[in-house]
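As the structure lists them, so they are numbered: ligands from 1, and atoms in each ligand from 1. All heavy atoms count here, side chains included; hydrogens, waters and symmetry mates do not. The first residue of the sequence shown is numbered 1, and numbering continues consecutively from there.
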Amino acid sequence: MSAAIDWRAEASRLTFRAQAFIDGKYADAISGKTFDCTSPVDGAVLARVAACDAADVDRAVNAARTAFNDGRWAGESPKNRKRVLVRFAELIQKNANELALLETLDMGKPILNARHGDVRAVTECVRWYGEAIDKIYDEIAPTPRNALALIMREPIGVVAAVVPWNFPLLMAAWKFAPALAAGNSVVLKPAEQSPLSALRVAELAAEAGIPAGVFNVVPGFGESAGQALGRHMDVDTLAFTGSTEVGKLFLKYSAESNMKSVSLECGGKTPNIVFADTPDLDDAAKGAADGIFYNSGQVCDAASRLLVEASIHDEFLSKVASLAKRYQPGDPLSERTQMGAMVDATQTKRVLAFIDKGKEEGAKLTLGGKQVRQETGGYYIEPTIFDAVDNHMTIAREEIFGPVLSAITFKTEEEAVKLANDSKYGLEANLWTNNLSKAHSIARALRAGTVTVNTRDGGGIEVPFGGYKQSGFGRDKSLHAFHKYTQLKTTYIKIS
Ligand code: NAD
């Protein structure tokens, strides 16, 4: 057995990359401004990070455009791009402990989740798209014998990616890996709460052989750097993950600038439907608890609405509550911790306000509900369960993005489907039953981009992920992600 890692000691030895990464080099913001990057673990300032604005975004987009136009990456054969991306994945793997620590310090998730969840998935993602790119063929259309029509996918050009803080590097990788594999240049804006892993990974990309200008990272605030990317006249497509509210702004930015294509991975309010005929109630209870408390509930497809059949309500809720107790918040740097910190003070306040609202509107608080561990200087909230929730209450309608479960009771299949679909979101739905026909017919009726049956696992990089309704459009993961980063060209040739 390998020796246990002293993560706190490792953390004390870390150096942080705090400058933007543009055209293959680290650089301060042109304005010289920085912002404090604070750890939610204990409130310490980790680094003063370059606060990029429109001028820096312009510099990064110009570098990306120049690199794209001269073909230093787009012009490489798919096989060569594959070699570089596979090397990039290897470097991520080699530096996995450091990257995991950056995620934990920057956004407060438990270190083992960061190491074995996030960073492992990032490695797999980069390797998967690298491996895929020399195995995709284009098309020849059926034509009369005197013509030949080639239908080819070409890289779209300059890809801007604006991402959130809940899985900082993974949400970025879901975008930059397929975009780079397809031959594009990328300008990535990480969330202001969690820029450190993206800034470090840019260096690894360069070390792997991704040429200067092809992968740029501009840390900064949404209203400045994010908006500047959304409105830039020379960005060809903008891939966004974040809230529905900000997603809508990107549609406006596009309409008011150059009509760049926009893809949106936005919020969710996943219904987790548990029928009395569930094959294994313990397994379903574990799914329900993990589904809302993993990453402190800061997950777009968190199973935040538990729809439970009336006849098993008491038994099931007591199973979930006893599992929830294992998620008492602890030190994110300890390997024993199941649930870490909230990302920052703002998010903590927001979640606590939703808890107050739940009580005010008459839901029954059966577990948790309080901020804890204030003595650490960090931000922690207890696992929280509301019972007797009505689907019209605020806590059942709004995305809380915290460890707060809302339990709703139903009596019939029709009622379960109606409640599940009664949401502006449609990212994911989960259902538990041992009746195959019922599972199929309900899966069809659910308006969600992913439906899971008798599991919370919606699959790895090989399946698409994205939303219906106001959860957005476009898909991350799988070969379908290439649709966002390529465009089709028809070449129609007359043969005499
Ligand atoms: P957010 O929308 O506040 O921020 C996301 C990104 O947008 C950040 O980089 C931010 O700086 C930028 N931004 C903020 N305001 C902006 C503006 N006015 N103009 C341009 N850019 C702006 O979201 P968040 O709080 O970072 O993340 C939580 C949200 O992300 C949740 O709604 C969650 O559901 C969603 N999310 C969705 C998925 C998915 O795949 N569907 C995955 C993870 C997170």
(request) Can you label the angle between the Trp165 ring and the Phe401 ring as parallel, tilted or perpendicular, going by 30° and 60°? (result)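 Taking Phe401 first and then Trp165, their aromatic rings stand perpendicular (interplane angle over 60°).
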(request) Over 60° means perpendicular and under 30° means parallel, so classify the ring planes of Phe250 and Tyr253, tilted if in between. (result)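 Rings of Tyr253 and Phe250: perpendicular, as their planes differ by over 60°.
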(message) Given a heavy-atom cut-off of 4.0 Å, could you list the residues near ligand 1 in chain and number order?
(response)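 Near ligand 1, by chain and number: Val162, Val163, Pro164, Trp165, Asn166, Met171, Lys189, Pro190, Ala191, Glu192, Gly222, Gly226, Gln227, Phe240, Thr241, Gly242, Ser243, Val246, Leu249, Phe250, Tyr253, Glu265, Cys266, Gly267, Cys300, Glu399, Phe401, Leu427, Phe465.
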(message) So, applying side chain to side chain contact (heavy atoms under 4.5 Å, CB included) with Pro190, which one of Val218, Val201, Val217 is it?
(response) Val217
(request) Sort out for me which residue in Leu238, Thr241, Val162 forms a side chain to side chain contact (heavy atoms under 4.5 Å, CB included) with Lys175. (result) Thr241
(message) I want to know whether Phe167 and Trp174 have ring centres closer than 6.0 Å.
(response)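 Distance test on ring centres: not under 6.0 Å, no.
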(request) Taking the six-membered ring for Trp and the single ring otherwise, decide whether the centroids of Tyr129 and Phe482 are under 6.0 Å apart. (result)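 Yes; Phe482 has its ring centre under 6.0 Å from that of Tyr129.
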